[in-house]
Amino acid sequence: MNDAKLILDNGVIFYGKSFGYEGDTSGEVVFNTAMTGYPESLTDPSYAGQILVMTYPLVGNYGVPSTEIADNGLPLFMESDKIHVKALIVADYSNDYSHWNAQNSLASWLKKEKIPALTGIDTRRLTKIIREHGVMKGRISLSPSPSPVREGSNDLQDYGSVNWVEKVCCKEVIIYNSKLSTDSQLSTLNSKLKRVVLVDCGVKANIIRCLLRRGVEVIRVPWDYDFNQLEFDGLFLANGPGDPERCETTVQHIRQFLNNKAVRPCMGICLGNQLLARAAGAKTYKLKYGHRSHNQPVQQVGTTKCFITSQNHGYAVDDNTLPEDWEPLFVNMNDGSNEGIRHKTNPWFSAQFHPEACSGPVDTEWMFDEFVKQI
């Protein structure tokens, strides 16, 4: 392992060893407190543009599963077809791995995907800095004498100024649960199945799996696709990376859907929650260091029900800006931030967390049942 450094934009330098791809990179430094699930996290498109710090000290000990694609076009075990993080930071990388489903080591996978990774980093100290300062930009360098981080430089572009959704979403319409698969055939899809339009802002594969298991036909469209021209029974707004303000085209399409006289169900997850809120007229803001973990407690508003949820987001909905006909659906029990919204009369609702959570928990997967039941 070669020497490597993580250089934060506040001047703090962390020294470690490289166990991934031998190359320099930069991105927004964020942390995840989950104990498991690094294959799913690395392939989650919501991490695009970010350097991921794992707070659980031991990483790599169960290797990585197969990256093969199933017959339906979705990866068998991953959340997308490639790694989306800019780099990975861990305290202790395990060279030895053991798991019934492991096909490869984490290090070899990272090298194949050309993703830098550092081990030997004091992730406890690094996480404390991020919590106190907030998420910040950082750069990984293998150079013995790297140049200092320069604010506004091209290699350290401001995370919020980039439309990451555009970079990670599908580029054309994709249809699941139908033998037909071209844009020109959308009007003649299988009429026996309930039809759901899924707006891909960086969707995790398990969201699509959860919908397909419930027997619906999924029409996956790019983030800026005008889905209002299609015939469908329900609208699903997927997760994705970056600032929701960069997705104004999507917001306009959602707003048109909400204003349609023919009311149809709508469900959103993560970024989908923020886009639905903005389409309704609410505002969003950036959290200090975000929620990225498997153990966020969320209470359903108006009840005593509390769920343990998996989360990955850096922005949130401002409850105080919701219009009168909308209300919070869930609230985060740690910091009081919004975790979902719903319309008071129409079948439109969303969650800031991940009900489909892979690698868990699955306490709130029932939300998919509610959505499909309404269509």
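It should be emphasised that the depicted structure is a prediction, and the values quoted were computed from it without experimental measurement. Here, residue 1 is the first one in the sequence, and each next residue gets the next number.
By the rule that hydrophobic residues join a cluster once side-chain heavy atoms approach within less than 4.5 Å of another member, V251 and L237 end up as members of one cluster. Cluster membership for V263 and V197, using ILVMFWY side-chain heavy atoms within less than 4.5 angstrom, is shared. No path of Ile, Leu, Val, Met, Phe, Trp and Tyr side chains, each step under 4.5 Å between heavy atoms, connects V168 with I269, placing them in separate hydrophobic clusters. No continuous path of hydrophobic side-chain contacts links V317 to V331 [ILVMFWY only; heavy atoms under 4.5 Å]. Under the 4.5 Å side-chain heavy-atom criterion for ILVMFWY residues, no single connected hydrophobic cluster contains both F77 and V59.
In this structure a side-chain-to-backbone donor-acceptor pair under 3.5 Å is present from S80 to T43. Side-chain N or O atoms of Q229 include one that pairs as donor or acceptor with a backbone N or O of D226 at under 3.5 Å. Of the possible polar contacts, none joining the K86 side chain to the R139 backbone as a donor-acceptor pair under 3.5 Å is found. The main-chain N or O of N32 is never found under 3.5 Å from a side-chain atom of S293 such that the two would form a donor-acceptor pair. For N239 (side chain) and G202 (main-chain N/O), a donor-acceptor pair under 3.5 Å exists by modelled atom type. When atom types are taken as modelled, the side chain of N206 and the backbone of E356 share a donor-acceptor pair closer than 3.5 angstrom. Between the side chain of K288 and the main chain of E132, a donor-acceptor pair closer than 3.5 Å is present. Panel note: side chain R246, backbone G160; a donor-acceptor pair is recorded below 3.5 Å. In this structure, D200 contributes its side chain and C170 its backbone to a donor-acceptor pair below 3.5 Å. A donor-acceptor pair under 3.5 Å is absent between the side-chain atoms of S310 and the main chain of H354, judged by distance alone.
Note on ring orientation: taking the six-membered ring where Trp is involved, the planes of H253 and F227 are perpendicular (angle over 60°, cut-offs 30° and 60°). Aromatic ring pairs are classed by plane angle as parallel below 30°, tilted from 30° to 60° and perpendicular above 60°; the pair W326 and H343 is perpendicular. Using bins of under 30°, 30° to 60° and over 60° for the plane-to-plane angle, the ring pair Y93/F19 lands in the parallel bin.
A heavy-atom distance below 4.5 Å is found between the side chains of L276 and I254. At least one side-chain heavy atom of I219 sits less than 4.5 Å from a side-chain heavy atom of V173. Between Y289 and V135, the closest side-chain pair of non-hydrogen atoms falls below 4.5 Å. Contact check for L8 versus L126: side-chain heavy atoms found under the 4.5 Å cut-off. The shortest side-chain heavy-atom distance between P75 and D81 does not fall under the 4.5 Å cut-off. In this structure, the side chains of K5 and F14 stay at 4.5 Å or more apart for every pair of heavy atoms. In this structure the side chain of Q103 never reaches within 4.5 angstrom of the side chain of E68, judged on heavy atoms. V29 is not listed as a side-chain neighbour of Q50, based on a closest heavy-atom distance of 4.5 Å or more.
Membership of the apolar cluster around W164 extends to Y159, V162, Y315, as traced through chained side-chain contacts below 4.5 Å between ILVMFWY residues. Think of Y56 as one node in a network of Ile, Leu, Val, Met, Phe, Trp and Tyr side chains linked at under 4.5 Å; its network also takes in M35, L58.
L6 CG to T25 OG1: the interatomic distance, rounded to the nearest 0.5 Å, is 11.0 Å. Between the OG1 atom of T364 and the CD1 atom of I308 there is a distance of 10.5 Å, given to the nearest 0.5 Å. Atom-to-atom distance recorded for I140:CD1 and D24:CG is 8.5 Å, nearest 0.5 angstrom. C210 contributes atom SG, which lies 8.5 Å from atom CZ of F236 (distance to the nearest 0.5 angstrom). Separating the CE atom in M54 from the OG1 atom in T119 is a distance of 12.5 Å, to the nearest 0.5 Å. Rounded to the nearest 0.5 angstrom, I375 CD1 and C266 SG are separated by 11.5 Å.
The 12-atom threshold is not exceeded at NZ of K283, counting heavy atoms of other residues, nucleotides or ligands nearer than 6.0 Å. Enclosure of atom CZ in R131 is not indicated, since only 12 or fewer non-hydrogen atoms of other residues, nucleotides or ligands lie within 6.0 angstrom.
Relative to the ring axis of Y176, R220 does not place its NZ or CZ within 45° and under 6.0 Å from the centre. For the pair R264 and F257, the cation-pi criterion (under 6.0 Å, within 45° of the ring axis) is not fulfilled.
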Original post:
For E245 and K286, what are the C-alpha separation, side-chain angles and deciding distance, and is it a salt bridge (Lys or Arg N to Asp or Glu O under 4.0 Å)?
Top reply: CA-CA 11 Å; E245 290 189 22; K286 186 164 186 174; over 6 Å; no
Original post:
Could you walk me through whether W223 and T249 pass the side-chain contact (heavy atoms from CB on, under 4.5 Å) check?
Top reply: CA-CA 8 Å; W223 73 282; T249 302; 4.0 Å; yes
Original post:
Going through the distances and angles, do T321 and Y285 end up as a side-chain contact (heavy atoms from CB on, under 4.5 Å)?
Top reply: CA-CA 11 Å; T321 63; Y285 65 97; over 6 Å; no
Subject >> Audit row: F353, H291, side-chain contact (heavy atoms from CB on, under 4.5 Å) steps and yes/no >> reply: CA-CA 9 Å; F353 50 88; H291 299 153; over 6 Å; no
Original post:
Between E370 and Q374, is a side chain to side chain donor-acceptor pair (under 3.5 Å) present by the stated rule, with each step listed?
Top reply: CA-CA 6 Å; E370 291 297 317; Q374 291 175 350; 4.9 Å; no
**OP:** List the steps, then state whether side-chain contact (heavy atoms from CB on, under 4.5 Å) holds for H294 with T36.
**Re:** CA-CA 9 Å; H294 281 177; T36 60; 4.1 Å; yes
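For N334, the side-chain hydrogen bond (donor to acceptor under 3.5 Å, both in side chains) partners at least two apart in sequence or on another chain are Q296. Take Q299 and apply the side-chain hydrogen bond (donor to acceptor under 3.5 Å, both in side chains) test, not counting sequence neighbours, and it matches no residue. Here D233 pairs with nothing under the side-chain hydrogen bond (donor to acceptor under 3.5 Å, both in side chains) rule; sequence neighbours left out.
A distance below 6.0 Å separates the ring centres of W366 and F307.
Screening residues 333-351 for salt bridge (charged side-chain N to carboxylate O under 4.0 Å, His left out) gives E327-R342 as the qualifying pairs, with residues at least two apart or on separate chains.
Here the closest heavy-atom approach between residue V199 and residue P222 is recorded as CG1-O, 4.3 Å.
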